[in-house]
Peer 1: 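The structure that follows is given in the form of structure tokens.
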2 protein chains.
Amino acid sequence: MVKITDVARRAGVSPSTVSYALSGKRPISDETRRRVQAAVRELGYRTHARARGAAGGRSGVLALAVPMRSGVHVPVVTQFAVSVVTAARAHGHDVLLLTQGEGEKGIGRVAETGLADALVVMDVQLQDPRLPLLRSLPLPSVLIGVPAEPDGLTCVDLDFGAAGELCVDHLARLGHRTVALVGSPPEVYVRRTAFARRLVQGFTASAVYPCGTDRDAARAMAERLLREQPALTGVVVHNEPLLDPLIDAFEELGMRIPEDLSFTAVCPTPVAASARIPLTSVTVPSAELGTRAVHLLIRKLSGAPVPQATLLPPRLTERASTGPRPA
Amino acid sequence: MVKITDVARRAGVSPSTVSYALSGKRPISDETRRRVQAAVRELGYRTHARARGAAGGRSGVLALAVPMRSGVHVPVVTQFAVSVVTAARAHGHDVLLLTQGEGEKGIGRVAETGLADALVVMDVQLQDPRLPLLRSLPLPSVLIGVPAEPDGLTCVDLDFGAAGELCVDHLARLGHRTVALVGSPPEVYVRRTAFARRLVQGFTASAVYPCGTDRDAARAMAERLLREQPALTGVVVHNEPLLDPLIDAFEELGMRIPEDLSFTAVCPTPVAASARIPLTSVTVPSAELGTRAVHLLIRKLSGAPVPQATLLPPRLTERASTGPRPA
DNA sequence: CTGAAAGCGCTAACAA
DNA sequence: TTGTTAGCGCTTTCAG
């Protein structure tokens with residue numbers, strides 16, 4: 001293993017100079033920096049992450065707490081995780097994976113053992129039990145999702161309220177007047193998941209129907225909607241696995257899409273595009289959320305100020321599932 | 001932060017005794033051990049991972065290299081990753097996430113910087129470019145998938161060959177005589193993905209059709225199968241996203257399942273169970289693979305011998321998609 | 001069975 | 001602009 005003293009000897013400087021040349025934490029003459037860089041390259045030196053950590057520096061690791069519970073859509077989480085890793089790597093960091101099964105335990109452990117420099121916490125609920133811990137921690141964190149009391153925290157999310165409004169606007173412009181929101185499984189709302197609540201806010205004037213994700217739930221929901229809202233001509237669905245089953249269910253009940261019913265979704269683009277009927281949708285920009293979260297964290301690590309909440313504006317893409325209100 | 005010296009003082013012993021009491025690396029009297037444990041508990045001590053690393057001990061971190069490419073099914077990877085994290089935690093380890101976008105880079109970095117003690121490498125190809133590196137590394141590793149030359153490596157996988165045979169046996173017992181395997185997208189076979197090749201081996205007597213994953217590919221494949229294999233009454237599908245589209249395609253072409261065509265799948269249980277027609281399937285035991293991989297790694301870390309290849313036996317579950325050969 | 005002491009490789013005062 | 005020197009918190013010789 002090649003260590004910093006090897007590089008120092010090779011470059012004809014002291015170890016601390018190598019350290020500083022690499023970290024940029026104090027001015028180094030161009031000449032010296034060049035020699036150090038050359039030595040690093042020739043010897044293939046990489047600074048030992050653990051030793052650096054012990055010496056009080058940064059570990060170069062971000063921890064990512066990912067949710068593992070029903071009502072959370074695996075592909076979105078995965079895409080998000082990948083974008084976090086990619087962005088972290090671009091900043092020279094690695095990513096430690098924490099599952100939410102551990103809950104606060106994992107966060108506490110990572111903080112106390114100094115395993116990570118900072119935290120990305122996904123799937124934040126309105127009243128999240130982890131918030132007090134996060135606030136008290138010496139490590140900076142970024143939350144995906146906006147809790148009820150975001151004071152002292154840094155949050156990023158899609159602006160779900162605006163996303164709902166955007167869908168309704170789109171449907172309204174097409175002439176639709178009775179629109180329902182079919183949401184995530186009931187437990188998501190019961191748990192007061194922040195994103196679901198905020199999406200609902202775009203729908204104050206409309207009906208909201210939480211729904212499970214299997215084919216039976218889809219069929220039951222379609223029947224109930226047609227019964228309770230006879231004038232219904234538009235739906236907004238915020239429940240990824242339910243999309244295809246619900247399309248099927250409506251069609252089996254004789255509703256053609258988009259001739260009889262306009263169908264919009266809040267979901268990742270690939271899901272909307274590859275549904276049986278390509279869906280007009282507001283995308284959940286998982287990848288951008290991950291990248292943003294990491295950027296914010298890097299800024300916090302460097303001591304720069306960051307906004308308390310970053311809400312990404314929704315963008316609606318029209319596809320084949322929406323059309324004018326039937327005569 | 002509570003450190004080992006605090007515990008030592010509290011327990012009335014030396015720091016090294018605390019260290020040994022915790023690691024078990026040398027005999028400690030019961031009395032002393034008890035006092036140390038009490039002090040640890042009272043003070044809420046956790047050994048600082050980075051400092052331990054610097055001092056030459058273990059970092060307590062496993063690195064997991066996950067694939068991110070077409071032909072790899074996200075839910076399986078995710079389930080696998082979760083089971084790895086869970087199993088690792090059960091052994092007191094954390095998990096560092098490496099995306100395969102980094103390829104050998106990530107593995108090299110983790111090894112050289114001492115970030116992780118050991119590696120789990122998913123999605124191993126028959127001729128995997130990472131193998132030489134893995135063989136040369138001082139860190140132990142476990143591969144998911146069996147390469148062409150597994151010498152000096154440790155591998156775990158579903159026995160895909162046996163899985164294919166099991167499906168064919170099942171169909172054969174139901175009277176079917178002409179059976180086709182519809183596989184993963186062509187690039188998987190081109191890349192000589194180990195699992196796909198081995199699955200194919202169960203089918204030496206049958207036809208093998210690689211296939212893409214979209215609805216058009218499904219339709220084209222169904223048409224081609226019925227054209228090229230007029231006597232076809234059974235299929236084995238090893239291509240998760242293709243399952244539903246292929247079912248649809250066959251039915252649109254007038255083939256009822258299972259009356260006209262028996263349909264078996266090699267895929268995770270939840271996928272098989274929630275398909276439009278519940279599918280007779282051999283499960284890909286992602287979770288068990290992850291757990292096994294971690295167990296093997298822990299054993300290797302402790303210096304215990306481990307088998308070169310662990311092939312999990314396939315288990316077939318009958319559901320609604322298979323039946324006797326039509327008259 | 002236990003303690004004292006010497007580092008692990010690196011960083012960051014403190015000095016020049 | 002650079003070097004010298006003390007540690008970081010822990011592990012592990014070496015010595016009892």
Side-chain angles (χ1 to χ4, degrees), chain A residues 1-37 39-40 43-61 92 109-117 138 301 303, chain B residues 1-37 39-40 43-61 92 109-115 117 138 301:
Chain A
M1 170 190 229
V2 32
K3 53 186 77 162
I4 201 169
T5 50
D6 300 330
V7 177
R9 197 173 320 115
R10 173 90 169 200
V13 298
S14 76
S16 64
T17 297
V18 175
S19 175
Y20 285 120
L22 259 30
S23 70
K25 289 195 180 172
R26 84 181 184 189
I28 298 282
S29 75
D30 279 8
E31 166 57 13
T32 305
R33 190 198 328 285
R34 241 188 301 282
R35 287 227 307 284
V36 169
Q37 284 167 346
V40 164
L43 270 44
Y45 169 75
R46 334 209 40 155
T47 114
H48 192 90
R50 285 142 71 172
R52 171 174 35 214
R58 295 270 156 76
S59 69
V61 173
R109 177 165 38 83
V110 156
E112 288 183 23
T113 63
L115 262 180
D117 299 331
L301 280 171
Chain B
M1 171 190 229
V2 32
K3 52 186 78 162
I4 202 170
T5 50
D6 300 330
V7 178
R9 197 171 321 116
R10 172 90 167 199
V13 298
S14 75
S16 62
T17 299
V18 175
S19 176
Y20 285 120
L22 258 30
S23 71
K25 289 195 180 170
R26 85 180 183 189
I28 299 282
S29 75
D30 278 8
E31 166 56 13
T32 304
R33 191 200 324 288
R34 240 187 300 283
R35 288 227 307 286
V36 169
Q37 284 168 344
V40 164
L43 268 43
Y45 170 75
R46 333 207 40 152
T47 112
H48 192 90
R50 284 143 73 170
R52 167 168 46 210
R58 293 269 155 78
S59 69
V61 173
R109 177 165 37 84
V110 156
E112 289 183 21
T113 63
L115 263 179
D117 299 331
L301 280 171

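The chains referred to below are lettered A, B, ... by the order of the sequence lines, with proteins before strands, and numbering in each begins at 1.
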Peer 1: Below 3.5 Å, can you tabulate the donor-acceptor pairs from side chains in residues 11-19 of chain A to any protein atom, sequence neighbours excluded?
Peer 2:
residue : atom : partner : partner atom : Å
A:Ser14 : OG   : A:Ser16 : OG           : 3.1
A:Ser14 : OG   : A:Thr17 : N            : 3.3
A:Ser14 : OG   : A:Thr17 : OG1          : 3.1

Peer 1: Expressed in angstrom and rounded to an integer, what is the separation of A:Glu112 atom CD from D:dC8 atom C1'?
Peer 2: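 Value for this atom pair: 18 Å.
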
Peer 1: A:Thr32 has a side chain; which of C:dC1, D:dT2, C:dT2 sits nearest to it?
Peer 2: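 Out of C:dC1, D:dT2, C:dT2, the nucleotide with an atom closest to A:Thr32's side chain is D:dT2.
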
Peer 1: Indicate for each nucleotide in nucleotides 8-14 of chain C, in 5' to 3' sequence, whether protein heavy atoms under 4.0 Å reach the base (B), only the sugar-phosphate (S), or nothing (-).
Peer 2: BBBSBBB

Peer 1: Rounded to whole Å, please give me the gap between CZ in A:Arg35 and P in D:dT2.
Peer 2: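 Between P of D:dT2 and CZ of A:Arg35: 8 Å.
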
Peer 1: Is the shortest side-chain N to carboxylate O distance from B:Lys3 to B:Asp6 below 4.0 Å?
Peer 2: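 Salt bridge absent between B:Lys3 and B:Asp6.
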
Peer 1: Using the rule given for side-chain contact (heavy atoms from CB on, under 4.5 Å), can you reason through A:Val61 versus A:Leu115, listing the C-alpha separation, both sets of side-chain angles and the distance that settles it, and then say yes or no?
Peer 2: CA-CA 7 Å; A:Val61 173; A:Leu115 262 180; 5.9 Å; no

Peer 1: Please find the pair of heavy atoms, one from B:Tyr20 and one from B:Ile28, that lie closest to each other, and give the distance.
Peer 2: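 That would be CB-CD1, 4.0 Å.
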
Peer 1: Listed by chain and number, what are the side-chain contact (heavy atoms from CB on, under 4.5 Å) partners of A:Arg109, not counting sequence neighbours?
Peer 2: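 A:Glu102, A:Thr113, B:Arg46, B:Arg89, B:Asp94.
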
